[in-house]
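Step one of this worksheet: look at the structure below.
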Amino acid sequence: MKKIVLLGLIGFILTGCGDDKVTKEYLVGDWRCNWESFERMDSGREESYGDAVDKSEYIRTYKIMDGKLYHIYDGDKQELYDVDKINSNPTHEILNDDSTFTGQQKLEKISNDQYRYVIASEFKKNSNTTNVIDIRSKEVTTCTRIK
């Protein structure tokens with residue numbers, strides 16, 4: 001009996017408790033989304049963003065057509081939504097002559113009916129030699145499947 005329980009536990013650990021990646025198949029359908037925007041000027045990386053500076057709620061629809069995922073909006077308009085690109089390339093950095101911009105994005109599955117998309121960015125002048133970031137912003141979108 002102990003061997004059966006042990007084998008079951010090992011199998012559970014090796015396979016995990018479920019697939020936690022957001023895939024194009026997972027996104028198909030209608031979603032009610034809550035978007036919040038946060039911004040902070042002249043702050044350290046670890047400081048809180050504080051309260052949201054802007055919020056909105058909207059419905060988002062995804063469909064797969066010709067094997068690709070599209071965000072459908074305004075009735076019939078389509079925008080390609082590449083989940084694999086978001087998951088495989090989460091960090092961006094742009095170096096200019098006088099500033100540096102870094103951005104990170106994360107798409108995470110909260111449950112079978114809820115996901116979160118987070119975009120965080122920092123802008124820092126190259127002349128700024130302190131640990132203070134000139135402008136930090138974050139957008140958090142949490143979407144719940146409409147059944």
message: Determine whether Asn34 and Arg116 satisfy the following criterion, side chain to side chain contact (heavy atoms under 4.5 Å, CB included), listing intermediate values before the conclusion.
response: CA-CA 10 Å; Asn34 291 298; Arg116 180 178 299 123; over 6 Å; no
- prompt: Aromatic rings Tyr26 and Tyr115: how do their planes relate, parallel, tilted or perpendicular, breaks at 30° and 60°?
  reply: perpendicular
message: Between Asp74 (side chain only) and Lys77 (backbone N and O only), is there a donor and an acceptor less than 3.5 Å apart?
response: no
- request: Look up atom CG in Leu27 and atom OG1 in Thr61, then write down how far apart they are to the nearest 0.5 Å.
  value: 11.5 Å
Path from Tyr58 to Val28 over hydrophobic side-chain contacts below 4.5 Å: no
field: Neighbour count above 12 (heavy atom, 6.0 Å) for Asn131 CG
entry: no
message: Quick check against the 3.5 Å criterion: does Lys24 have a side-chain atom that pairs as donor or acceptor with the backbone of Gly67?
response: yes
- prompt: Would a distance-only check, ignoring hydrogens and angles, find a side-chain to backbone donor-acceptor pair under 3.5 Å from Asp113 to Thr144?
  reply: no
Over 12 foreign heavy atoms within 6.0 Å of CG, Asp51: no
message: Please check: side-chain N/O of Glu47 versus main-chain N/O of Gly44, any donor-acceptor pairing under 3.5 Å?
response: yes
task: Please answer: with hydrophobic residues joined when any side-chain heavy atoms are less than 4.5 Å apart, are Met41 and Phe123 in the same cluster?
output: yes
- request: Look at Lys147 together with Asp30 and state whether they make a salt bridge at an N to O cut-off of under 4.0 Å.
  value: no
message: Measuring from atom OG of Ser121 to atom NE2 of His92, what distance do you get when rounded to the nearest 0.5 angstrom?
response: 11.0 Å
- prompt: Taking the inter-plane angle between the rings of Tyr49 and Phe38 on a 0 to 90° scale, is it parallel (under 30°), tilted (30 to 60°) or perpendicular (over 60°)?
  reply: tilted
- prompt: Which value, rounded to the nearest 0.5 Å, describes the distance between Asp134 atom CG and Ser43 atom OG?
  reply: 9.5 Å
task: Measure centre to centre between the rings of Tyr62 and Tyr70, then say whether the value is under 6.0 Å.
output: no
field: Sidechain-backbone polar pair: Asp66 side chain, Lys68 backbone, donor-acceptor under 3.5 Å
entry: no
message: Looking at every heavy atom in both Thr141 and Cys33, which two are closest together, and how far apart are they?
response: CG2-CB, 4.0 Å
field: Flag, side chain of Arg40 to backbone of Gly50, donor-acceptor distance under 3.5 Å
entry: no
message: If you compare all heavy atoms of Trp35 against all heavy atoms of Glu139, which two are closest, and at what distance to 0.1 Å?
response: NE1-OE1, 3.3 Å
- prompt: Shortest non-hydrogen contact from Arg145 to Trp31?
  reply: N-CE3, 3.2 Å
message: Are there over 12 heavy-atom neighbours, none belonging to Lys124, within less than 6.0 Å of that residue's NZ?
response: yes
message: Run the side chain to side chain contact (heavy atoms under 4.5 Å, CB included) test on Asn87 and Leu107 for me, step by step, so that the C-alpha distance in whole Å, both residues' side-chain angles and the decisive distance to 0.1 Å come before the verdict.
response: CA-CA 7 Å; Asn87 289 331; Leu107 187 58; 4.0 Å; yes
query: To the nearest 0.5 Å, what is the distance between CD1 (Ile146) and CZ (Arg32)?
result: 4.5 Å
- request: Under the side chain to side chain contact (heavy atoms under 4.5 Å, CB included) rule, what do Lys138 and Ile119 come out as? Steps first, then yes or no, please.
  value: CA-CA 6 Å; Lys138 182 165 92 172; Ile119 302 172; over 6 Å; no
task: Give a yes or no on whether the backbone of Thr130 and the side-chain of Asn128 come within a donor-acceptor separation of less than 3.5 Å.
output: yes
task: Taking all heavy atoms of Val22 and all of Val83, pick out the closest pair and write down the distance.
output: O-CG1, 3.0 Å
- prompt: Given the rule that I, L, V, M, F, W and Y join up when any side-chain heavy atoms are under 4.5 Å apart, are Leu80 and Ile86 in one cluster?
  reply: no
Interatomic distance, Lys21 atom NZ to Glu108 atom CD [nearest 0.5 angstrom]: 12.5 Å
- request: Could you tell me whether the side chain of Asn126 and the main chain of Asn96 form a donor-acceptor pair under 3.5 Å?
  value: yes
task: Apply side chain to side chain contact (heavy atoms under 4.5 Å, CB included) to Gln114 and Thr142, showing your working.
output: CA-CA 7 Å; Gln114 194 173 50; Thr142 304; 3.7 Å; yes
Asp84 side, atom CG; Leu69 side, atom CG - distance, nearest 0.5 Å: 9.5 Å
- prompt: Is Arg60 close to Tyr81 at the side-chain level, that is, under 4.5 Å between some pair of heavy atoms?
  reply: yes
message: Between Glu39 and Arg136 (salt bridge meaning N to carboxylate O under 4.0 Å), is one present in this structure?
response: no
